[in-house]
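Keep in mind the model is a prediction, meaning the values are calculated, not measured. Naming: A, B, ... by sequence-line order, numbering from 1 per chain.
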Amino acid sequence: MQKGEMYVGWSTKEDVRKRGGSGGLVTSMLAAALEKKLVDAVVVLKKINEFEAVPIITSDVNEVLNSAGSLHSVPSNFAKLIADRNLKVALPAKGCDTRAIIEQGKRNAINLDNTYIVGLNCGGSMHPVVTREMLEVMYKIKPEDVHGEEIEKGKLIFETKDGKEHAITIDELEEKGYGRRESCRYCTIKVPNNSDIACGNWGVTGDLAGKATFVEINSDKGAKLLQNAVDAGYVQVQKPDEKGVAMRAKIKGVMEDLGKKWKAKIFVPMDNRLEFFRKELENCIDCGACKTVCPTCSCGEVSKCTEFHMRGDAYKMSMYHLVRFTHLADACIGCGQCSDVCPVDIPLTRLYMMFANPIQEQLKYEPGMDMRKPPYFEVKLND
Amino acid sequence: MSNVYSTICPGCNFGCGLYIRENGAIDIDFRKSSPANAGKLCRFGMNLPKLYAPVKSMIDGKEVTLEDAAKEAAKRISAGSTAFLSFGNTTCEELLAFQKVATSYLCTGVNFDALPKDTYQTLSVGIPYSEIEAAKHIVLFIDPYEQYPLIVRRLLSAKKKGAKITAVWWKALPIANETIKPADVSKLQLSKDSLIISDFHPMSDADQVKNVLALAKNAGARVTFLKPFANSTGAYILSKDAKQKSHGALVDDINKGTIKTLFCLESDPSILPAETLAKLTNIIVQSGSAISDKANIIIAHEPLYKKKGTLINNEGRAQALGGAGTNGLDALGIMAGAKFEFNALHESVKKAIGISTVDEFTVPKYDRPAYSAIQAAPKPFEAKTALVSVYNPFMWFNLADDNDFVELNLNTVRSLKLLKGGTLKIKSNGSSIEKKFKVAPVQDNVIISAKKFGIEKGMLTPVEILR
Ligand SMILES: Cc1cc2nc3c(=O)[nH]c(=O)nc-3n(C[C@H](O)[C@H](O)[C@H](O)COP(=O)(O)OP(=O)(O)OC[C@H]3O[C@@H](n4cnc5c(N)ncnc54)[C@H](O)[C@@H]3O)c2cc1C
Ligand code: SF4
Ligand code: SF4
Ligand code: SF4
Ligand code: SF4
């Protein structure tokens, strides 16, 4: 097995395959890595219910096997959980997790050589509170009655405990303010080729549809991970058919274009930016959650944004925000975590991206997509 | 590799859900599905790792086991003249057990005695946050940003739907469409569509509370009282039929010498004036976080996040804590000479609230009995300048924050010729302090602080200010 190869595979454990988001391959691959001591620990989501799960770091193979399944209403990010802990670890990672892990790697907070990043294709995640409301308002079903959920042909489908399926198109949901988080709509990383191995359900065809995982190996580590799982008897793989490969590439393209469209729709040029920013930030209560949660920030307690800022200051816009906007201009990956946790609902990701977009475009730099040094790190003594 | 607890922030009665992760150190993690707060936390919630600094059981400064501390506490309590204080801040199950220990003198801190009996329920259980979001006119008798920050997003949501927000406050608040000076409260226009948000706690002035109740009653408006202690709603519901003493009565009784020993369950004794505390023979604190350096006995039970049990938030929503610990009950049992079984207490709690299961996603139906007309004539504030103390979680918990300054307006700065980056002298009752200041849209003759400086006489303190 080597970089560039694609496979379709599944877990050899029937129940894991059944519970898995597609073929349970990711779960089994993570479990095999732990079992065969490729890693000391694995990060997975411990499911509480359909709309809640908590990320845990575990060395218990059973806990890993229990984690199979995709939770679309759990918009977590795992990068900070493993930062500064010097772990030999494997973990599932959506595009935004992957990008953040790589950025933490550049800042020496994560040792990428010891980190196996199992990428998950990602069409987007939803905020659990919004999902619950959406179920009641749009689907007219009780959140407690939901048994499972999937995305198919542009529709978000919920299965209730009585076996019935309830489908509404994502377009319609998003028009009404439900559906994916705003950042996910304009996120353009749909297949995480920056991870060690990218896994998803796009491209699985025929009888295997819904029962297998499509994987693309992106690095030597990715090859090692998959080979280890096959050798350990945890997963079975076969070559994908050409139709599947083409279909996956096509959906990827369509989704990326859709992301770009959203981006153009949301980030329209505006006059009077300063006033806009001031107004958006006027309710800030200085909780610091946006910094704590930010998965690309590796500053720790003592940092520029907090050291230059005092609550006793009476500036029209706090130094905390000013410093963060500039500091993150070459680092913000638009993951949406800051908006998620802001207690006064400031659309922070949008604000950060308003700073970051022009700079990242001008410098042709996309944080977290490769190992390129962040432009603001570079010191050019001769310029 | 790490222990993760699903829990509720103890910073106020809002009921914000979060995870506490023990990684050697304590970290917080966002529990985004939590219905009260969608996983969002205020400045205090973000600082919980500081609150949860480990605490050890002690007798007169010597480290002991929880059991020995509780036994010694039982001995000192048995001498009589003991008052039992708890604002809430712990599980309903523990509070029920506490009541059984505290039959002789139960103090919840608040002054129900000075308020009409038929307002008890209105004061205890607030209105669901979803109703606040749906209100057409909201009147604030609080500073939501400093005091109950998670209400801000509910207010913003209401505003987005067209609500008008009026603040009756000493400072213009960004969220308010209009601000009325508290002294001009008679100018406030209310209707049936109005919803008043105020708060209720041990330092509340009973006349002011009555006035707010009367304003609502006269206009047919709704009123909701937020509270600064986790589970004070639970504490009040469970103590409904018990004789409860107020903070003021407790101070009087200690000053008179009828109370010699104070037992505090998850409550900071320093809410009492220092000179009053000095009169006590024994201060006993049972707590899971380091809330007092004044205690003779500390009974260190588990921190709230490790406990098993039920909290009731301001809406009346029952929330289950994700821990397994019950050693708080064990300690109370030693003092009561009884064994408190969690399951039996839990059943009683559910019965008292009228629920069959604890489900954080539904707000149980509570009776909201109308109360009769109230005569209210709050005393006008006489002094020329007032220091307004904006009670907030950091203050109640005595936790350090970056707020060692007062707010005042530009007129004041100019008239006192204060220097940029300089300080302001504040004199009160013979003591004088010097503080940094911040220019903010506060009213004339008022300075505002969110920190306890030690010169306060309640929410409003007459002061003299000079350069
Ligand atoms: C939010 C989300 C959106 C997705 N969108 C697409 C898509 O549009 N197209 C596509 O081809 N594939 C998508 N996937 C990937 C797909 O659902 C499967 O995860 C993937 O095919 C692997 O399947 P599996 O059965 O091998 O994984 P499993 O064996 O089920 O393992 C899944 C692993 O992912 C972890 N996990 C579950 N939910 C999350 C989450 N929210 N965040 C981080 N980790 C999580 C679990 O802990 C587990 O370790 C998405 C996944 C997620 C989580
Ligand atoms: S930001 Fe992108 S990768 Fe992350 S959850 Fe949203 S769509 Fe998926
Ligand atoms: S600033 Fe916000 S969107 Fe950008 S990386 Fe940080 S948390 Fe994500
Ligand atoms: S999360 Fe929101 S309220 Fe908190 S500091 Fe950031 S912008 Fe301010
Ligand atoms: S609003 Fe209250 S309960 Fe919520 S985080 Fe702040 S202090 Fe804690």
Side-chain angles (χ1 to χ4, degrees), chain A residues 40-43 46 48-60 63 73-77 80-81 85 87 89 126-133 142-144 278-279 281-293 306 309-314 337 340-346, chain B residues 1-6 16-17 19 21 23-24 27-47 130 144-146 149-157 160 173-175 322 359 361-362 401-407 410 421 435-440 450:
Chain A
D40 301 327
V42 163
V43 177
K46 189 170 176 177
I48 314 284
N49 58 47
E50 287 299 320
F51 317 102
E52 183 177 350
V54 57
I56 50 162
I57 305 176
T58 178
S59 300
D60 176 348
E63 215 159 23
S73 295
V74 180
S76 49
N77 194 298
K80 269 221 159 131
L81 189 61
R85 310 201 49 197
L87 298 168
V89 68
M126 301 178 288
H127 195 289
V129 168
V130 178
T131 305
R132 293 184 82 100
E133 189 184 306
K142 284 208 197 98
E144 283 65 36
R278 263 192 210 160
K279 192 84 199 133
L281 293 167
E282 70 177 1
N283 294 310
C284 172
I285 57 157
D286 251 327
C287 70
C290 47
K291 173 188 175 229
T292 304
V293 81
T306 48
H309 166 69
M310 270 173 302
R311 299 199 74 208
D313 292 338
Q337 293 299 322
D340 277 1
V341 302
C342 176
V344 293
D345 288 347
I346 299 173
Chain B
M1 254 188 208
S2 55
N3 289 326
V4 191
Y5 300 86
S6 171
C16 296
Y19 290 111
R21 193 182 285 277
N23 267 334
D27 285 331
I28 60 113
D29 211 334
F30 303 91
R31 189 157 83 85
K32 293 182 185 177
S33 67
S34 172
N37 62 323
K40 298 153 188 267
L41 299 169
C42 77
R43 191 172 169 77
F44 186 84
M46 292 300 298
N47 270 291
S130 56
Y145 299 99
E146 283 289 345
L150 262 294
I151 198 85
V152 172
R153 56 189 289 268
R154 307 295 186 149
L155 300 174
L156 286 168
S157 160
K160 224 170 165 179
L173 303 170
I175 204 162
D359 169 20
F361 291 103
T362 38
D401 191 20
D402 171 24
N403 58 0
D404 197 10
F405 58 87
V406 291
E407 291 183 308
L410 207 52
K435 289 288 152 195
K436 288 195 165 172
F437 61 88
K438 172 178 180 172
V439 177

Identify the heavy atoms of [X] and [Y] that sit nearest to each other, and give their distance.
X: B:R153; Y: A:V344; answer: CB-CA, 4.3 Å
X: B:S34; Y: A:V129; answer: O-CG2, 4.1 Å
X: A:E52; Y: B:S33; answer: OE1-OG, 2.7 Å

Residue [X] versus chain B: region with a heavy atom under 4.5 Å:
X: A:P143; value: neither
X: A:E144; value: side chain
X: A:D313; value: backbone
X: A:I346; value: neither

A side-chain contact here means heavy atoms from C-beta on lying under 4.5 Å apart; do [X] and [Y] qualify?
X: A:I285; Y: B:C42; value: yes
X: B:F30; Y: A:Q337; value: no
X: A:P128; Y: B:R31; value: no

* Structure fact -> Applying side chain to side chain donor-acceptor pair (under 3.5 Å) to B:R43 and not counting sequence neighbours gives B:D401
* To do: Just give me the residue among A:A314, A:G288, A:C287 that pairs up with chain B most often, heavy atom to heavy atom, under 4.5 Å.
  =>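 The residue among A:A314, A:G288, A:C287 with the greatest pair count is A:C287.
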* Asked: Under a 4.5 Å heavy-atom cutoff, which of A:R132, A:E282, A:M310 has the most pairs with chain B?
  ->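 Highest number of heavy-atom pairs under 4.5 Å: A:R132.
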* Asked: Which bit of B:F361 is near chain A, if near means a heavy-atom gap under 4.5 Å: side chain, backbone, both or neither?
  ->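 B:F361 touches chain A through side-chain heavy atoms alone.
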* Part of B:E407 within contact of chain A (heavy atom distance under 4.5 Å) ->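 It is neither, since no heavy atom gets under 4.5 Å.
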Rounded distance [0.5 Å steps], [atom1] in [X] versus [atom2] in [Y]:
X: A:I56; Y: B:R21; atom1: CD1; atom2: CZ; value: 8.5 Å
X: A:T292; Y: B:D27; atom1: OG1; atom2: CG; value: 9.5 Å
X: A:C342; Y: B:L41; atom1: SG; atom2: CG; value: 11.5 Å
X: B:Y145; Y: A:C284; atom1: OH; atom2: SG; value: 10.5 Å
X: A:N283; Y: B:L156; atom1: CG; atom2: CG; value: 5.0 Å

* **Results of ring pair (Phe, Tyr, Trp, His ring centres under 6.0 Å) for B:Y5 - residues two or more places apart only** => B:Y305
* Asked: Got a salt bridge between B:D404 and A:R311, using NZ or NE/NH1/NH2 to carboxylate O under 4.0 Å?
  ->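 No salt bridge links B:D404 with A:R311.
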* Asked: Given the rule in the side chain to side chain contact (heavy atoms under 4.5 Å, CB included) test, do A:F51 and B:K32 qualify, once you have shown the distances and angles that lead to the verdict?
  -> CA-CA 9 Å; A:F51 317 102; B:K32 293 182 185 177; over 6 Å; no
